[in-house]
2 protein chains.
Amino acid sequence: MTDPVATLTGERRPARSGKRERLIAAACETIHAQGVEKTTLADIAAAAGVPLGNVYYYFKTKDALLQAVIETHLAGQRSTLAAIDDAHDEPGDRLKTLFGALAAQGELIARHGCPHGSLCMELDKRAEGPGLAAELVRVPLDWTERQFRALGRQDARDLAVQLIARYQGTALLTSTLRDPDLMVAEGRRVAQWIDDLAPVT
Amino acid sequence: MTDPVATLTGERRPARSGKRERLIAAACETIHAQGVEKTTLADIAAAAGVPLGNVYYYFKTKDALLQAVIETHLAGQRSTLAAIDDAHDEPGDRLKTLFGALAAQGELIARHGCPHGSLCMELDKRAEGPGLAAELVRVPLDWTERQFRALGRQDARDLAVQLIARYQGTALLTSTLRDPDLMVAEGRRVAQWIDDLAPVT
DNA sequence: GTCTATAGCCAGATAGAC
DNA sequence: GTCTATCTGGCTATAGAC
């Protein structure tokens, strides 16, 4: 029935032309730039170079494509965090690496905000609630909590909430005021804060 | 030409039935709950108890109504801040009063997020940019900066950015995770932080 | 000033030829 | 699998009676 290799790699059956992947990538970008509600399937199809009608071969509804976008973001987050775990042993280094990388996205955030935060905020307003999108904050939140716990902090959860909140809040100011420097300055402060919490021994 | 009294009080000419005000109030609530793009004029008209067609007597376009909503939020912010200025002389007390009041909105924020922050984020994604909505963060930001400056802090602007960012970021986590306690806990931490920065003399 | 009816447009989704 | 043409519904905005 299903191609075992494709199943293992998480691919769908045909997958020759990569249109499905192009559609998801285009949807990620367009939705980040314009928001979920303002982005039409025609926008996404055009950005992906796929005829409108063909979109429905890959995704039954606009919402199905949106779910795929969220899952793609989640997979990206997980692999980023796993890579940081592999590259660094010290929890303090891991935290600084993650938030340094986020701060380096200042220009992107100044233009369209944090892709995950804005998705959460928009989907929050749906009757069904944020659904899977809430994982976009829970995944980094839980990871951050784990790092603080590894540092021996009893208040690891609170610290994690503070850290993610600082990033998300700064991202909102950065995009509203169109000032990437806010993100850079916050990155420096966060690094200092982590050093104060986890002194080099 | 214009009624001088109505002009002084900022009212429009007729203003007998208060429909204009009801429409703006309904728009504020509905937009906060559903977002700008998902909210239709029919939603707003129904919430205000006004027939759809009549909306256009008061507002030429949906966007004109949206601008009125933003201006109403701004006027509310300014009067809140002015009231705090009047009620407290110490900048530290003023800051704690404002952020205590924000933290007390936990339930509301858990349901739909910060009304100003979500408006900014959504309007950021328009081609024209956030426009007037950016004032919704600039006004409290500038006020907060003034308080820190009155406390003698040279880094008043940075501290103000941090404080507003903490509030906005916590609001995003509060609504995404549907947990009003996050807001309460952050309120306590902010009060402590301000006390540490501005020790009672 | 108020309200009904509706025009005009554009989005999501489908049908069906290739 | 691919793509054109089109249906259907809902939204902004207007016309025009009262």
Side-chain angles (χ1 to χ4, degrees), chain A residues 1-3 6-7 11-28 30-31 33-70 122-123 125-128 131, chain B residues 1-3 6 11-31 33-70 122-123 125-128 131:
Chain A
M1 279 302 161
T2 44
D3 174 348
T7 302
E11 284 174 16
R12 291 310 182 279
R13 214 96 53 72
R16 272 190 265 290
S17 57
K19 280 191 185 171
R20 189 187 159 87
E21 288 65 33
R22 259 158 54 217
L23 280 168
I24 294 178
C28 283
T30 314
I31 286 176
Q34 304 186 343
V36 176
E37 305 297 342
K38 277 200 71 172
T39 297
T40 69
L41 288 173
D43 291 337
I44 296 170
V50 170
L52 176 56
N54 202 359
V55 172
Y56 288 91
Y57 176 76
Y58 295 98
F59 302 96
K60 265 199 298 291
T61 63
K62 182 184 181 183
D63 206 71
L65 174 51
L66 176 60
Q67 295 308 310
V69 164
I70 296 170
E122 209 173 344
L123 296 182
K125 297 198 182 296
R126 294 198 165 181
E128 334 85 69
Chain B
M1 279 301 164
T2 45
D3 174 347
E11 285 173 15
R12 291 311 181 278
R13 216 92 56 70
R16 273 190 263 292
S17 56
K19 280 190 184 170
R20 189 188 159 87
E21 287 66 32
R22 258 158 54 216
L23 281 168
I24 294 177
C28 283
E29 275 184 58
T30 315
I31 286 175
Q34 304 186 343
V36 175
E37 305 296 343
K38 277 200 72 172
T39 297
T40 69
L41 287 173
D43 291 337
I44 296 169
V50 171
L52 175 57
N54 202 359
V55 173
Y56 288 91
Y57 175 76
Y58 296 97
F59 302 96
K60 264 200 296 294
T61 64
K62 183 184 179 182
D63 205 72
L65 175 51
L66 176 60
Q67 296 308 311
V69 164
I70 296 170
E122 210 173 343
L123 296 182
K125 297 198 182 295
R126 294 198 165 182
E128 333 86 67

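Quick caveat: nothing in here was measured; it's all calculated off a predicted structure. Labels below follow one simple rule: chain letters A, B, ... track the order of the sequence lines, proteins then strands, and each chain is numbered from 1. When reading the values below, keep in mind they use all heavy atoms of this one structure, side chains included, and skip hydrogens, waters and symmetry mates.
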Mind checking what makes side-chain contact (heavy atoms from CB on, under 4.5 Å) contact with A:Ala47, not counting sequence neighbours?
A:Ala26, A:Thr30

Rounded off to whole Å, could you give me the OH-to-C1' distance for the A:Tyr58 and D:dC3 pair?
11 Å

Rounded to whole angstroms, how far apart are OH on B:Tyr57 and C1' on D:dT12?
20 Å

Spacing of B:Glu37 atom CD relative to C:dC10 atom P, expressed in whole Å:
15 Å

Listed partners of A:Thr61 passing side-chain hydrogen bond (donor to acceptor under 3.5 Å, both in side chains), at least two apart:
none

For each nucleotide in nucleotides 13-18 of chain C, reading 5' to 3', give B when a protein heavy atom comes within less than 4.0 Å of its base, S when such contact involves only the sugar-phosphate, and - otherwise.
BB----

Under the side-chain contact (heavy atoms from CB on, under 4.5 Å) test, which residues partner B:Tyr56, sequence neighbours left out?
B:Leu41

Distance-only check: which donor-acceptor pairs under 3.5 Å involve side-chain atoms of residues 48-55 of chain A, not counting sequence neighbours?
none

Applying salt bridge (Lys or Arg N to Asp or Glu O under 4.0 Å) to B:Glu29 and not counting sequence neighbours gives none

Near DNA chain C, which residues from residues 42-49 of chain B have a heavy atom under 4.0 Å away?
none

Is any side-chain N or O of B:Lys19 closer than 4.0 Å to OP1 or OP2 of C:dC3?
yes

Polar side-chain atom of B:Glu122 near backbone of B:Glu37 as donor-acceptor pair, under 3.5 Å:
yes

Sequence neighbours excluded - salt bridge (charged side-chain N to carboxylate O under 4.0 Å, His left out) pairs with any residue from residues 43-62 of chain B:
none

Which pairs, with at least one residue in residues 48-59 of chain B and sequence neighbours excluded, count as a salt bridge (charged side-chain N to carboxylate O under 4.0 Å, His left out)?
none

Within this structure, what is the CG-to-P distance between A:Asn54 and C:dG12, rounded to whole angstrom?
16 Å

Short side-chain N/O contact to C:dT2 OP1/OP2 from B:Ser17, under 4.0 Å
yes

